Student: 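Have a look at this one.
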2 protein chains.
Amino acid sequence: MSKRTSAPQEPANGGLSRQRRTYTIGELARMFEVTPRTIRFYEQEGLLAPERRGQARIYHEKDRVRLKLTLRGKRLGFSLAEIREVVEMYDAMPDGNARQLKRLLEILADKRANLERQLEDIRLMHRELDDVESRAREVLASLETESTGR
Amino acid sequence: MSKRTSAPQEPANGGLSRQRRTYTIGELARMFEVTPRTIRFYEQEGLLAPERRGQARIYHEKDRVRLKLTLRGKRLGFSLAEIREVVEMYDAMPDGNARQLKRLLEILADKRANLERQLEDIRLMHRELDDVESRAREVLASLETESTGR
DNA sequence: GCCGAGCTTTACGTTAACGTAAAGTGCTTG
DNA sequence: CAAGCACTTTACGTTAACGTAAAGCTCGGC
């Protein structure tokens with residue numbers, strides 16, 4: 001939170017990277033500005049399942065998207081467990097039974113409600129920030145008038 | 001996160017509560033659906049400073065607003081430390097020096113940027129949820145056709 | 001006078017989400 | 001072939017944000 005640098009989040013595609021299709025853990029880490037440790041942790045928590053070439057991990061486009069969605073979920077305040085819940089059901093969808101699917105719809109509605117509340121919170125917070133800022137500017141201005149006006 | 005119940009957050013004002021003006025910790029806790037422990041913790045972290053009548057804490061309207069803003073900040077993913085940073089500067093504003101004020105403006109800009117990113121995240125997440133949901137409904141529909149259509 | 005409800009302090013416990021250090025594997029480059 | 005670099009596993013450490021348990025005030029009601 002409160003990073004000074006604006007994270008790219010979606011790397012500037014050189015217009016050819018659809019060739020490569022695979023990434024190392026370090027590449028992904030740099031892309032999304034996280035550490036390799038974080039990515040391994042997400043795998044351990046069942047959020048990623050990269051191909052294994054012997055001991056080495058090989059990440060494909062699918063994994064990159066997964067990671068992107070995971071990080072987005074995190075920024076929105078979802079826990080890894082919550083994110084995994086959706087991701088797992090999404091994977092199990094083709095042969096998911098009705099009960100599972102209805103559960104998934106429940107979860108989605110829940111997350112939607114969460115987003116709605118966040119939107120409202122953001123609106124309110126925005127106004128608060130406006131207030132604080134204008135007050136700060138006022139005081140700042142009065143300080144400068146004081147020192148220049150003598 | 002993922003509460004089924006829609007938190008009131010702003011209690012239905014009976015049209016007379018401006019008389020009381022003070023609250024116990026338990027009342028506040030019920031209002032905002034947190035535990036007293038949480039409220040004491042926020043005080044310990046410098047986010048609240050209720051009046052003390054001997055040993056007892058007495059919360060006024062000001063404290064209630066503080067708590068409300070704190071919880072809102074939390075829902076938006078700010079840490080207590082970040083929230084305190086703003087709150088403290090806000091309190092120190094009347095006699096804040098220029099350097100402090102400029103720092104405050106920086107922080108505010110930072111938080112604003114954060115909100116912007118969250119808005120974008122929410123938009124994207126919303127579309128994802130739409131996708132997942134429509135897919136789920138499709139599968140669900142096909143399942144029902146299968147069983148009814150025999 | 002004592003009982004229960006609600007408050008208080010003190011202090012140790014818990015969980016999520018990683019950080020960090022140690023020690024080993026594997027490739028490619030001089 | 002040795003060195004270096006990026007990767008790997010294992011495992012213990014850390015931080016934030018509380019939870020929980022124990023033990024003690026305080027006050028209104030019976």
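Here the structure is a predicted model, which is why all the values come from computation and not from measurement.
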Student: Might you list the N or O atoms of the protein lying below 3.5 Å from N or O atoms in nucleotides 21-26 of chain C, with each pair's distance?
Tutor:
none

Student: Heavy atoms only, 4.0 Å cut-off, all strands: where does B:Arg57 land among base, sugar-phosphate and nothing?
Tutor: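 The answer is sugar-phosphate, as B:Arg57 gets under 4.0 Å only of primed atoms, P, OP1 or OP2.
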Student: How far does CZ of A:Arg72 sit from CZ of A:Phe32, to the nearest 0.5 angstrom?
Tutor: 9.5 Å
Student: In plain terms, say whether B:Glu43 and B:Arg52 are close enough for a salt bridge, that is, a side-chain N and a carboxylate O under 4.0 Å apart.
Tutor: yes
Student: Report yes if some heavy atom in the side chain of B:Thr38 is under 4.5 Å from a heavy atom in the side chain of B:Thr35; otherwise report no.
Tutor: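 Counting from C-beta outward, B:Thr38 and B:Thr35 do come under 4.5 Å.
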Student: Say you draw a straight line from CG of B:Leu47 to OG1 of B:Thr70; how long is it, rounded to the nearest 0.5 Å?
Tutor: 5.0 Å
Student: Give the rounded distance in Å between these two atoms: CD of A:Glu43 and C1' of D:dC7.
Tutor: 13 Å
Student: Whole angstrom is fine here: how far is it from CZ in A:Arg30 over to P in D:dC5?
Tutor: 14 Å
Student: Let me know the distance between OH of B:Tyr59 and P of C:dT8, rounded to the nearest Å.
Tutor: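 In whole Å, C:dT8 P lies 6 Å from B:Tyr59 OH.
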Student: Does A:Lys68 pair with B:Glu128 as a salt bridge, N-O distance under 4.0 Å?
Tutor: no
Student: Apply the hydrophobic cluster definition, ILVMFWY joined by side-chain contacts under 4.5 Å directly or through others, and give me every member besides B:Val65.
Tutor: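 ILVMFWY cluster around B:Val65 also holds B:Leu69.
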Student: Whether A:Arg52 contacts D:dC7 is assessed here as follows: a side-chain N or O lying under 4.0 Å from the phosphate OP1 or OP2. Is that the case?
Tutor: no
Student: Are side-chain heavy atoms of B:His126 and A:Glu116 found at a separation under 4.5 Å?
Tutor: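 SC-SC contact between B:His126 and A:Glu116 confirmed.
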Student: Under 4.0 Å: is that the gap between some side-chain N or O of B:Thr24 and OP1 or OP2 of C:dG6?
Tutor: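 Checking C:dG6 against B:Thr24, no side-chain N or O comes under 4.0 Å of OP1 or OP2.
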Student: Find the distance B:Ile39:CD1 to C:dC7:C1' and express it as a whole number of Å.
Tutor: 13 Å
Student: Over how many whole Å does the gap from A:Arg40 atom CZ to C:dT20 atom P extend?
Tutor: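 Distance, rounded to whole Å: 14 Å.
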Student: Answer whether the closest heavy-atom distance between the side chains of A:Leu105 and B:Arg137 falls below 4.5 Å.
Tutor: yes
Student: Evaluate the criterion salt bridge (charged side-chain N to carboxylate O under 4.0 Å, His left out) for residue pair A:Glu120 and A:Arg117; output intermediate values, then yes/no.
Tutor: CA-CA 5 Å; A:Glu120 183 58 16; A:Arg117 217 177 48 177; over 6 Å; no
Student: Pull out every protein N or O sitting under 3.5 Å from an N or O of nucleotides 16-18 of chain C, one pair per line with the distance.
Tutor:
unit_1: C:dA17; atom_1: OP1; unit_2: A:Leu80; atom_2: N; d: 3.1
unit_1: C:dC18; atom_1: OP2; unit_2: A:Tyr42; atom_2: OH; d: 2.6
unit_1: C:dC18; atom_1: OP2; unit_2: A:Lys74; atom_2: NZ; d: 3.0
unit_1: C:dC18; atom_1: N4; unit_2: A:Arg37; atom_2: NH2; d: 3.4

